[in-house]
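Contents: one structure, followed by commentary.
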Amino acid sequence: MSEDLLGSGAASEAGAHDERTRRLEKVEALRAAGIDPYPVRFDRTTDAGALRARFGHLEPGTETDEEVAIAGRVLLLRRQGRLSFATIRDGSGAIQLFVSEGEIGAERHTEFDGFDLGDWIGVEGTVMTTRKGELSIKVRGFRLLAKALRPLPDKWHGLSDTDTRFRQRYVDLVVNEDARRVFAVRFAVLAAIREYLAGRGFVEVETPVLHDQAGGAAARPFLTHHNALDMDLVLRIALELHLKRLIVAGFDRVFEIGRVFRNEGLSTRHNPEFTMLELYEAFVDYGEMMTLTEELVAHCARTATGSTVVDLDGAPLELAPPWRRLTLRDAIREHAGVDVHPSMPVADVRALCDRLDVPYEASWGSGKLMLEIYEKTTEHRVRGPVFILDYPREVSPLARVHRDDPLLTERFEVIIGGRELANAFSELNDPIDQRERFEAQAGLAAAGDEEAHGVDEDYLRAMEYGLPPTGGLGIGVDRLVMLLAGVSSIREVILFPQLRPESPSGGADGDGGA
RNA sequence: GCGCCGCUAGCUCAACUGGUUAGAGCAACAGACUCUUAAUCUGUAGGUUCAGGGUUCGAGUCCCUGGCGGCGUACCA
């Protein structure tokens, strides 16, 4: 009978076949002996972390009367004749099992030794420490909770092949301590953001992922289709326009932490779906957004890592406020040695681009050229943290015109380690101005710019009901986590990053975009 | 998209300038062992060297095509 079992699943992975076969035979043997290898539940009384917290300071060689039941995955087995040690781990940490033949008898001890690395087991016994002081559970009873059929990777080296690590993240997280650490940082950052914003009166909301029109950012969207309505939809590329509708509705402070989707290339800094934090606060301008940003990031750093100092490219970087504030114009002056302003004639700015070796397109105005000069000469050299202020109006269709300069907007980006971490502005709340900006964007779209989008009439209608003065902020959560966890690839902070399909099937995937 | 680099046992890695039967640790299997902790010790088994083609007396190694990945670059308000 076992032949059928063996033939079916493992055929494609001949290498693992022997080990898998062996374990399948154990499953059959257990069933034959009336033992369910996949029982329905196990009632544990504690976990490894709680035991460590409570008994972590027991003297070596201590025996207690504390009876516990605990469950975990077998990670290490040290069989030593009539005494066995095992290390199991649950969600809170690892703990050692002390399994003595004198305690449970030869037959049960042999059964215990039949467990394989990777199996889930539940045990009961008493808390003790070994002579060397290792906190352990002296096992009185045990049972298999789930038989693992596949062997875990090398217990010391773990998995190193990045492809396998990302495709089989469930294995990566079992065997690679650093992967677990990075995601612990991520989850702490998310909790810290919510805690900080809740403390300041922000309400967390959820807005649609399926949009009938892309907007709120410059990016190519993913396309999809709703069958019942027979209409094409796009996956959102930003949270912005719905959140500002909610400010119109009368929410003073809202935020959303949500997935956005951009149909772009993959890199160490880009995944096609990623997590944005966007927040909007009525009656304030981008000045308050700066204060909020530096406090929020410092709070996240403290909560998730215990310090406001992170390692950036091998050197410490202080994230505690206040951060330097520098206008875009001054930043360019500082790093590129030229003075640019959107009021300059296009020909003059083009001449500067030529001099600085910055490529450009004929359709670009002075504002876009200015931004391009910044991005090519300055941004990647800024270590930060620094607020870069006052971007050209031409490249900021949702930001309010600067109070002192009609060609600029009240907008800032946060740069840390040469990368954009946040983007914020005093929101544009003049519906007439907004319509003009949308129409300019629509013109670009009509001219072939696939990242520009058309006029969002419903958003304009909302604005016509009155959007109060508002400050808005967007933070790339994945990049924030990268910074705080000290990793250089966005794939390290996304549980299941986008990869090519595993099987080289005869792909009918000519153009993924459409 | 383009360029460079990589892919060897289940896992982590070796294999000189193209040269004998592709090696080692972990995992596995058989055995010893009641305070180990990457347990240790003895023995055994385990390979389509990513795939396909080519050059050569001889290919893990050189060439071509393809697959997957990494890095860089392009793209990325």
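Order of the sequence lines sets the chain letters (A, B, ...), proteins ahead of strands, with each chain counted from 1.
- Listed by first residue number, the stems of RNA chain B with at least three Watson-Crick or G-U pairs below 3.5 Å are B:1-7 with B:67-73, B:10-13 with B:23-26, B:28-32 with B:40-44, B:50-54 with B:62-66.
- In the interface, the side chain of A:D154 is paired with the base of B:G25 through a donor and an acceptor atom under 3.5 Å apart.
- Taking A:D433 as the reference, A:R393, A:V401, A:L428, A:D430, A:E436, A:R437 meet the side-chain contact (heavy atoms from CB on, under 4.5 Å) condition, with sequence neighbours excluded.
- Applying the side-chain contact (heavy atoms from CB on, under 4.5 Å) test to A:K26 and every residue at least two apart in sequence or in another chain returns A:R22, A:D116, A:K147.
- Qualifying ring pair (Phe, Tyr, Trp, His ring centres under 6.0 Å) partners for A:F274, counting only residues two or more places apart in sequence or in other chains: none.
- Between A:S396 and B:A77 there is no side-chain polar atom (N or O) within less than 4.0 angstrom of OP1 or OP2.
- Among residues two or more places apart in sequence or in another chain, the side-chain contact (heavy atoms from CB on, under 4.5 Å) test is passed with A:A214 by A:P221, A:V234, A:I237, A:H453.
- Between A:K155 and B:A39 there is a side-chain polar atom (N or O) within less than 4.0 angstrom of OP1 or OP2.
- Of the candidate nucleotides B:A77, B:C71, B:C68, B:C71 has the atom nearest to the side chain of A:S489.
- Atom C1' of nucleotide B:U34 and atom CZ of A:F112 are separated by 14 Å, given to the nearest angstrom.
- Taking atom CG on A:N176 and atom C1' on B:C26, their separation rounds to 15 Å, with Å as the unit.
- B:G66 sits 47 Å from B:U37 when the C1' atoms are compared, rounded to a whole Å.
- Nucleotide B:A28 holds its P atom 10 Å from the CG atom of A:L152, rounded to whole Å.
- Taking a 4.0 Å limit (strictly below) on heavy-atom distances, residues 420-428 of chain A reaches RNA chain B at A:N423.
- Computed from coordinates, the A:R150 CZ to B:C11 C1' distance equals 14 Å when rounded to whole Å.
- The pair A:E394-A:K368 fails the salt-bridge criterion, with no side-chain N (NZ, NE, NH1 or NH2) lying under 4.0 Å from an Asp/Glu carboxylate O.
- At a threshold of 4.0 Å, the pair A:R165-A:E492 counts as salt-bridged, since one of the basic side-chain nitrogens sits closer than that to a carboxylate oxygen.
- If you measure from atom CZ of A:F98 to atom P of B:A39, you get 17 Å, rounded to the nearest angstrom.
- Scanning atom types as modelled, one donor and one acceptor separated by under 3.5 angstrom connect the side chain of A:Q441 and the base of B:A77.
- Straight-line distance from the CD1 atom of A:I95 to the C1' atom of B:U37: 13 Å, rounded to whole Å.
- For the OP1/OP2 pair of B:G72 and a distance below 4.0 Å, the side-chain nitrogens and oxygens of A:T268 include at least one atom meeting the criterion.
- For A:E177 and A:R181, the salt-bridge test fails: no basic side-chain N is under 4.0 Å from an acidic carboxylate O.
- Residue A:R167 places at least one side-chain N or O under 4.0 Å from the OP1 or OP2 atom of B:G69.
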Would you tabulate the side-chain donor-acceptor contacts of residues 80-89 of chain A under 3.5 Å, counting partners in other chains and residues two or more places apart, or write 'none'?
unit_1 : atom_1 : unit_2 : atom_2 : d
A:S84  : OG     : A:H109 : NE2    : 2.9
A:S84  : OG     : A:D113 : OD1    : 2.8
A:T87  : OG1    : A:R78  : NH2    : 3.4
A:R89  : NH2    : A:V174 : O      : 2.4

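- Listed by chain and number, the residues in a side-chain contact (heavy atoms from CB on, under 4.5 Å) with A:N429 are A:L467, A:P469 (sequence neighbours excluded).
- Contacts of A:F255 classified as ring pair (Phe, Tyr, Trp, His ring centres under 6.0 Å), with partners at least two apart in sequence or in another chain: none.
- Distance from the side chain of A:S267 is smallest to B:A74 among B:C71, B:A77, B:A74.
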